[in-house]
Amino acid sequence: MSYDPQDLEAEWRERWADSGRYEADPDGRDGDESTFVTVPYPYPSGGMHIGHARTYTVPDVYARYRRQQGDNVLFPIGWHVTGTPIVGAVERLKKGEEDQLSVLRDTYNVPEDTLQDLETPMGFARHFIEEHYKKGMRQLGLSIDWRREFTTNDERYSKFIAWQYETLRDRGLLEKGLHPVNYCTNEEQPVTTHDLLEGEDAEFQEYTVVKFSDGDTVYPMATLRPETVRGVTNAYVDPDAEYVRAAVDVSEHRSDGTEADSEEWIVSAEAVEKLELQARDVEVRETIPGSDLVGRHVTNPVTDEELPVVPAGFVDTDNATGVVMSVPAHSPDDWVALEEVKADADALAEYGVDPDEIRAIEPRAILTIEGYGEFPAKDAVEEHGVESASDPALEAATQELYNREFHGGELIEAYGEYAGRVIEDVRDELEAQYRERGDFDSMYDFAEEVVCRCGGEVEVSKQETWFLRYNDSEWREKTKRAISNLDAIPENTREQYDHTVDWLEEWPCIRNYGLGTRLPWDDEFVIEPLSDSTIYMSYYTIAHRIDDVPVEDLTREFFDTLLLGEGSEAPRASEASSGDGTEPREVDERALELREEFDYWYPVDYRCSGNDLISNHLTFFLSHHAELFEESKWPRGITVMGMGLLEGQKMSSSKGHVVLPDEAISEYGADTVRFYLLNSSEPWQDYDWRAEEVGTTRDQLERFWNRAVEIIERAEESSAEGASGQRPRDEPAGGRNLEQADRWLLAKLQETVREVTESMERFETRAASQTAFYRFEEHLKWYRRRTDLDRAGARWTLRTVLETRLRLLAPFVPFAANELHERLTGEPAEDVPWPEPVPEFDDRTVVAEERLIETLVADVRDIVDVTDADPETIRVYAAAEWKGEVFDTVVSEGPNQGAVMGTVMQDEELREHGNAVNDLVGDLVSFVRERDDETLETLAAIDERAVYESAADFLAREFDADVEVYAEDEDPIDPAGKAKHAQPFRPAIHLE
RNA sequence: GCGAGGGUAGCCAAGCGGCCAACGGCGGCGGACUCAAGAUCCGCUCUCGUAGGAGUUCAAGGGUUCGAUUCCCUUCCCUCGCACCA
């Protein structure tokens, strides 16, 4: 019966499927005995890899554990298809993009003749659902109730999401507004980062626009450092570029509402489109060459100073407004530019600029910062040895100075109420104040070029969007309460949820295209993926039964009844009466029936999800539950999971750097894959798939299997003998004839049961499986050395140990554990209860005694090694009785040298031992200090000499020598005078 | 920068005030078994050591303590998240 996981696992898969073993329905067990675990539904925009395997195995192990604990356990799965990735993948496939084809063909082994089935979004999704995820999950042995699966594109699911969003809107948690998005000017639609060819990492920034003016004409100058407004010495324009004078709508950007809602702005030609995309009406009145602007004077809206407009070739007219302000005191760029302009001032005469005016420009400091002089930009330029505007060192100088000024710069007196404060703390406040007054405005732009896959230029556009108001204070309060109610695993994630709640503002919850549910009141929009996956766990509870209800009956009232219990107190449709004048609402009986099941399973006991999802999905999950459901339905726990590596590297399906579960399972078997994934780190830690170690794990399981089979076969022999009346299979306790080693192993077993159970309760799958498997293997190693395994007592012990361990390991390696357990007892491990510690087998004394023997063996070996001797005779001397008395005194007096000596010296007999007593007390004091009371008590009761005598045969075997055990004070044979070194629990040893 | 988590022997990784030179796995070395290989079993794997010992270690530096890998402070380094991406 060799270990053949393929056959064995196939049989169990079939058995589970045929019997519907994991289909969970409400039964006699009440709510406390039901457990509902979930994991984020997979997003089938590609195949399943080994990282997914772990994600889904973590909840499976817990589910299996709870089942053995007697719970009715529901572990469902569904499929998330909402949004653009699947649509995008199909587009790329249809266009025949090589990268995409290679991922499909080479990484995920899609057969050539199947490719065309993937050319519709749901066809694509279906392929990966059926051929990858479901197959993989079944192969892994996940205990899923398959009747409840659904996709987020199903019409009934959409009804459910529509209910959610209509309810949120009614509660005022949805709001319409403008929001900046990436927008392709060629396709004229918003695009996601997936759609970008260039600038994928680019983030748009909100620039402050400082409204310098010349009469009624505004020169809007974009900056990221609005606080430098008092340090501006001049403006720059590109004399060779084209500018426009245009009427720009500013109505949205005024708060007082008294002023004109349109202003005349001078901006670069490129800026016109940007402003229009950002929801402004722009009417171009006139085109002006940049050179015409040069030499004009503009007024600083904050200081009322007049400043010259200076020409500069470095001005990028494609960035923001194309008009920039110069702050030479604090910007190394501007410092260098000003130097160069001054040096070449005479050349400006051609623009009609007075060179003397330029030469007279003086930098103006607006903040002070430690470590720099009056003009920090000057120091920075010098420190970095910047030579010219094209010097690469300039960028480093700029970065460094910006950073330091932001965190350490203090504003000067001229800033009034902001004087003396650090930029970091006042920038936003200051900016808002000037904006309020109409001196500042804002616009978005990228810092670099961003190009769409279609080749079109991507700009920032403000689009009308619906937002979820996560910043609503009442909502935040509820969510916080949900967080404090939560069992957050590991505990330190709780803080992160709280932090996320404070940080979340408004979340745009719709998109212009993609799969999913249409916004119920505006079907132009689709509810985006992170927003249609917040309460779907509730949908699992009824997913397999709601199909019986026609879609058109799934009204808001239906879900109000089903999910909120509204009307469940009211008379049912059949018995509705209108006797009191008001028409009672008709309650849908079907909804009430479904509600019973919802009520039975809900809330979610544990949700297992990636730690990277704390800052969005998991917090949304908590928020929506807190808002929509009553407190008793809020999530009980969340376990977060770490990231996976493959041979120390990030997995990447595009590079083909992935392992598919199917391949791993064919090579090693599902139990090995599961065991490796769960045993190599705790769920929330990162893990690394290393083929070599997976192979070793398989070897370990195989060895375990072989040993187990041996025990089972022996048990069968015994029972055969039992059948013929010679030896009953289950001997009564009195007839077991257990020896010291048996009792020790059984005591260790009880420790193991306790530790594993505690670990499982905390989702510590690594600690649990290490304890049940590897650590117990160590105990067995010792046991095999210590005793004769052919004894009846040993057989009984090994059988008992095996049975218990199989039950402890069943959640991790369900195939092998169930099989072996069934062969051993007739029942699969999953059908019998989780082991309980048996107090009868707890035995601190025997554990302590074995520990003494272990130490003795180690000490003897140590001496053998260091002396390179091969002893004929080993003499062991247990400490004299008076030493035991000293030990007792140390225990009763406590580990205090002085106090102990005081007591000991009153004993005349002990006093006779003189200095030896003093030394001994010193050693015993530290011995006692290092141990707890219980251990000391146990030790004190042990007859050391008897322990060593009982181990003499064992020692003799280990070292192939004669073993003699003496008491130090009973006149031992002591040729080398070693006996006197004996101490309590540290016998003296002599080798000869 | 902000928030979270880390840095332990050749590698992975546990420990989180004394039982710690520090669990376990991998790798390496030696031995048993074997014709041989593999598997399995035993021992060793920081340095020194002809008696169970001593010395130096748990990113670096400082502190608290009778005692710190474990607690506190500072510094350096690494990973993850930071929004419209699932």
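Order of the sequence lines fixes the chain letters, A, B, ..., with proteins taken first and strands second; residue numbering starts at 1 for each chain.
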Closest approach of Gly516(A) and Thr82(A), non-hydrogen atoms and distance? CA-CG2, 4.1 Å

Salt bridge check: are Glu850(A) and Arg786(A) linked by an N-O gap of less than 4.0 Å? yes

Give the rounded distance in Å between these two atoms: CZ of Phe776(A) and C1' of G24(B). 16 Å

Using the P atom as the reference point in each nucleotide, state the distance between A59(B) and C16(B) in Å, no decimals. 16 Å

Sugar-phosphate or base contact per nucleotide [nucleotides 14-19 of chain B; S, B, -; heavy atom under 4.0 Å]: S---BS

Say you pick atom P in C58(B) and the same atom in A39(B); how far apart are they, in whole Å? 37 Å

Determine the Euclidean distance between corresponding P atoms of U57(B) and G6(B); express it in Å to zero decimal places. 25 Å

Writing each nucleotide of RNA chain B 5' to 3' as (, ), [, ], | or . by Watson-Crick or G-U pairing under 3.5 Å yields ((((((((.[[[..)..(.....]]]((((((.......))))))(((....)))...[[[[[..)....]]]]])))))))....

Between A86(B) and Thr84(A), is there an OP1 or OP2 to side-chain N/O distance shorter than 4.0 Å? yes

Could Arg607(A) and Phe621(A) be counted as a cation-pi pair, given that NZ or CZ must be under 6.0 Å from the ring centre and within 45° of the axis? yes

More 5' along RNA chain B: Asp686(A) or Tyr774(A), using each one's nearest nucleotide? Tyr774(A)

Applying the side chain to side chain donor-acceptor pair (under 3.5 Å) criterion to Thr935(A), which one of Asp932(A), Asp933(A), Thr938(A) satisfies it? Asp932(A)

Do NZ/NE/NH1/NH2 and the carboxylate oxygens of Glu854(A) and Arg785(A) come within less than 4.0 Å? no

Name the closest nucleotide to the Arg861(A) side chain, picking from C26(B), A86(B), C44(B). C44(B)

Between C1' on G81(B) and CG on Asn616(A), what's the gap in Å once rounded to a whole number? 9 Å

Are any protein N/O atoms closer than 3.5 Å to N/O atoms in nucleotides 31-33 of chain B? If there are, list each pair with its distance.
none

Reading 5' to 3' through nucleotides 36-41 of chain B, protein heavy-atom contacts under 4.0 Å coded B for base, S for sugar-phosphate only, - for none: ----SS

Just the atom pairs and distances: protein N or O near nucleotides 5-8 of chain B's N or O, under 3.5 Å.
none

Take atom CG of Asn611(A) and atom P of C82(B), then tell me their distance rounded to the nearest Å. 11 Å

Minimal non-hydrogen separation, Ser45(A) against Phe124(A), with atom names: O-CE2, 3.3 Å

Test: Lys781(A) and Glu778(A) ion pair at under 4.0 Å: yes

How far does the C1' atom of U75(B) sit from the matching atom of G7(B), given to the nearest Å? 14 Å

Name the orientation class of the two ring planes belonging to His52(A) and Tyr56(A) (parallel below 30°, tilted from 30 to 60°, perpendicular beyond 60°). parallel

How long is the span from the CH2 atom in Trp689(A) to the CE atom in Met651(A), to the nearest 0.5 Å? 9.0 Å

Each nucleotide in nucleotides 47-57 of chain B should get exactly one letter: B, S or -. Can you fill that in based on protein heavy atoms under 4.0 Å? --BSBBS----

What are the two closest non-hydrogen atoms of Gln700(A) and Phe773(A), and how far apart are they? O-CZ, 3.7 Å

Donor-acceptor check, side chain of Glu682(A) to backbone of Thr765(A), threshold 3.5 angstrom: yes or no? yes

Between A13(B) and C85(B), how far is it from one P atom to the other, in whole Å? 34 Å

Salt bridge between Lys480(A) and Asp502(A), side-chain N to carboxylate O under 4.0 Å? yes

Pair Asp974(A) + Lys980(A), salt bridge at N-O below 4.0 Å: no

Just checking, Arg931(A) and Phe927(A): is the charged tip under 6.0 Å from the six-membered ring centre and within 45° of the axis? yes

Looking at Phe406(A), does the NZ or CZ of Arg427(A) lie under 6.0 angstrom from its six-membered ring centre and within 45 degrees of the ring axis? no

